[in-house]
Engineer: 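Before I ask anything, here is the structure I am working with.
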Amino acid sequence: MKPAGFSYVRPGSLEEALAELADPDAKALAGGQSLIPAMNFRLAQPGRLVDLNGVSALAGISPTTEGGLRIGAMTRHRAVETSPLVAAGAPLLAEAMPFIAHLQIRNRGTIGGSLAHADPAAELPAVMLVLEATIELRRGTAVRLVPVAEFFTGLFATVLQPGELLTAVSVPPLPAGSGWAFEEMARRRGDYALVGVAAMVVLDQRRRCRSARVVLFSVGEGPVLAMSVAGVLTEQPVSAERIGSAAAAVQHDIDPPSDIHASAAYRRQLAQVLTGRALTRAFHRAETR
Ligand code: FAD
C-alpha cells in the first residue's frame, strides 16, 4: 500500500513545529516507525506531516535538579539504551530498552513517539508507570505536566490534545533500598510481547517490603498497575512463598484478551509466571545492592 497524499514540513525549532501543529490536519512525525506503516495501510491519513527530526532541542538526556532524569521526546530508543545516565539513574528503563523491536528500529524510534502512540504491547508506557514519570506536553506557549498514571486513557489513546506536542518525560530519582526487574515473553526476539512485566520494589531497613510497583502490559488496553500484587507484599517480610502469593494475585489485576497471538488463559498463566520471576529478581537486587 502507498499512503494517501500529504504535504510535508521540517521545522528547525520547537516554536516553528508548534506553530505548524496548530493546523488541525497536521501530525507530528518522529521516528516514523509506527506512523509511516499506519499511513501506508491508510489507518492514518494526515494531510500534513510535521517532521520533528530537525528540532534538536527535543532530543537529549539530562539530570534534573531533583536528582532524576529528563529525556527529550526525540531521544532515540538506542540513545536511551546506551546512556550511562540512564544506566545509573533509571536502570529499569535501561534493562527494558533492548526488548523494544530490533536495533534498526531502535536507531530511529523515539521515546516521545512510543509514549504518544500508546501501544498496549509497548514496553515504555509500562516502565514509565512503574517509575512514576511525569510527561511534559506543550501547545503554543502553554506547558502542562501530566503524571504518567493520567496520561494513557485507553487503546492507542492519551490525554494529548490536537496541536499538542509531547516534549519530554522526567523520571524521579531511584529510591534508596530499591530493586527492579523487567520480564517479557515474545514469540521471537524483537516481536511485541505476548505479556510483559516491569517491577520496582523498595525494602525498608528491616528488609521488609516498603512498596512494590508492578505493571503489566499486553494484557489489556494499556499498562496495568497491579494493585493486588502490591497489596500482598507491602509492609510484609519477603520470602519465596510471599512472592508466589503475590504473583498469583496478579489474576485479580488483569483481564487479558484472546487474539491471534495468544489466548486469554495463556496470557493469564504467563502474567503469573513473569510476575513471579520479576519480583524474585527485583527483591534479590534490593537485598544485594
Ligand atoms: P512515529 O511513528 O513517528 O509516531 C507515532 C505516533 O506518535 C504518531 O501518531 C505521531 O504523530 C505521534 N508522535 C510522535 N512523536 C510525538 C510527540 N513528540 N508528541 C506528540 N505526538 C507524537 N515498539 C515497542 O514498544 N515494542 C516493540 O517490540 C516494537 N516492535 C516493533 C517492531 C516493528 C517491526 C516496528 C516497525 C515497530 C516496532 N515498535 C515497537 C514501535 C517502535 O518502538 C516505534 O518507534 C514507536 O512505537 C513509535 O516511535 P516513533 O518515534 O517511530 O514515532
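Both ligands and their constituent atoms are indexed starting at 1 by order of listing.
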Engineer: Would you mind finding which of His77, Met39, Glu123 brings a heavy atom closest to atom 25 (O) of ligand 1?
Structural biologist: Glu123
Engineer: Show, in sequence, the C-alpha distance, side-chain angles and deciding distance for Thr158 and His117, and conclude whether the side-chain contact (heavy atoms from CB on, under 4.5 Å) test is met.
Structural biologist: CA-CA 8 Å; Thr158 71; His117 191 55; over 6 Å; no
Engineer: Atom 49 (O) of ligand 1: which of Gly113, Ala17, Ala28 has the nearest heavy atom?
Structural biologist: Gly113
Engineer: Can you pull out the closest protein heavy atom to atom 1 (P) of ligand 1? Residue, atom name and distance to 0.1 Å, please.
Structural biologist: Gly32 N, 3.4 Å
Engineer: Taking side chain to side chain donor-acceptor pair (under 3.5 Å) as the cut-off, I'd like each qualifying pair that reaches into residues 35-48, sequence neighbours left out, listed once.
Structural biologist: Ser7-Arg48, Glu20-Arg48
Engineer: So, Thr75 side chain and Gly60 main chain: donor-acceptor pair closer than 3.5 Å or not?
Structural biologist: yes
Engineer: Please lay out, stage by stage, how Thr141 and Leu18 fare under the test side-chain contact (heavy atoms from CB on, under 4.5 Å).
Structural biologist: CA-CA 9 Å; Thr141 53; Leu18 289 163; over 6 Å; no
Engineer: What I want to know is whether His102 and ligand 1 share at least one N or O pair that is separated by under 3.5 angstrom.
Structural biologist: no
Engineer: Could I get the full list of side-chain contact (heavy atoms from CB on, under 4.5 Å) partners for Ala247, not counting sequence neighbours?
Structural biologist: Gln272, Thr275
Engineer: Just to be sure I read this right, does ligand 1 sit under 4.0 Å from the backbone of Leu124, its side chain, both, or neither, counting only heavy atoms?
Structural biologist: neither
Engineer: Within a distance under 4.0 Å of any heavy atom of Gly31, pick out the atoms of ligand 1 and give their elements.
Structural biologist: 3 (O), 50 (P), 51 (O), 52 (O), 53 (O)
Engineer: Side chain or backbone, does Ile105 bring an N or O within less than 3.5 Å of an N or O on ligand 1?
Structural biologist: no
Engineer: Could you list which atoms of ligand 1 come closer than 4.0 Å to a heavy atom of Ala73?
Structural biologist: 18 (N)
Engineer: Closer than 4.0 Å to some heavy atom of Leu35 - which atoms of ligand 1 meet that?
Structural biologist: 1 (P), 2 (O), 4 (O)
Engineer: Below 3.5 Å, N or O to N or O, backbone or side chain included: is there any such pair between Arg108 and ligand 1?
Structural biologist: no
Engineer: Any idea which heavy atoms bring Ala26 and Val50 closest together, and the distance?
Structural biologist: CB-CG2, 3.9 Å
Engineer: May I have the step-by-step check of side-chain contact (heavy atoms from CB on, under 4.5 Å) for Leu270 and Leu194, ending in yes or no?
Structural biologist: CA-CA 8 Å; Leu270 260 185; Leu194 295 175; 4.0 Å; yes
Engineer: Tell me, which protein residue and heavy-atom name are nearest atom 15 (N) of ligand 1, and how many Å apart are they?
Structural biologist: Ala30 CB, 3.4 Å
Engineer: Is the Phe182 ring parallel, tilted or perpendicular to the Phe217 ring (thresholds 30°, 60°)?
Structural biologist: parallel
Engineer: Among Arg144, Arg138, Arg139, whose side-chain hydrogen bond (donor to acceptor under 3.5 Å, both in side chains) with Glu164 holds?
Structural biologist: Arg144
Engineer: For atom 32 (C) of ligand 1, which candidate among Ala193, Ala126, Ala101, Gly112 provides the closest heavy atom?
Structural biologist: Ala101
Engineer: I need the contact type for Thr110 against ligand 1. Using non-hydrogen atoms and a strict under-4.0 Å cut-off, is it side chain, backbone, both or neither?
Structural biologist: both
Engineer: Please list, in number order, the atoms of ligand 1 under 4.0 Å from a heavy atom of Ala122.
Structural biologist: 25 (O)
Engineer: Test side-chain contact (heavy atoms from CB on, under 4.5 Å) on Asn53 and Met74; report intermediate values, then the result.
Structural biologist: CA-CA 7 Å; Asn53 287 276; Met74 284 300 290; 3.3 Å; yes
Engineer: Among all protein heavy atoms, pick the one closest to atom 40 (C) of ligand 1 and tell me residue, atom and distance.
Structural biologist: Tyr192 OH, 3.0 Å
Engineer: Select the closest option to atom 46 (C) of ligand 1 among Gly109, Ala118, Ala96, Ser34, judged by heavy-atom distance.
Structural biologist: Ser34
Engineer: Closest non-hydrogen protein atom to atom 12 (C) of ligand 1, residue and atom name please, with distance?
Structural biologist: Ala116 CB, 3.9 Å
Engineer: Based purely on interatomic distance, does Leu166 place a nitrogen or oxygen under 3.5 Å from a nitrogen or oxygen of ligand 1?
Structural biologist: yes
Engineer: Is Arg210 salt-bridged to Asp204, going by a charged N under 4.0 Å from an acidic O?
Structural biologist: no
Engineer: In the protein, which heavy atom is nearest to atom 52 (O) of ligand 1, and how far is it?
Structural biologist: Gln33 N, 2.8 Å
Engineer: So if I count the atoms of ligand 1 from 1 in the order they appear, which ones are less than 4.0 Å from some heavy atom of Asp191?
Structural biologist: 28 (O)
Engineer: Could you check Val250, Val219, Asp255 and say which one makes a side-chain contact (heavy atoms from CB on, under 4.5 Å) with Val224?
Structural biologist: Val219
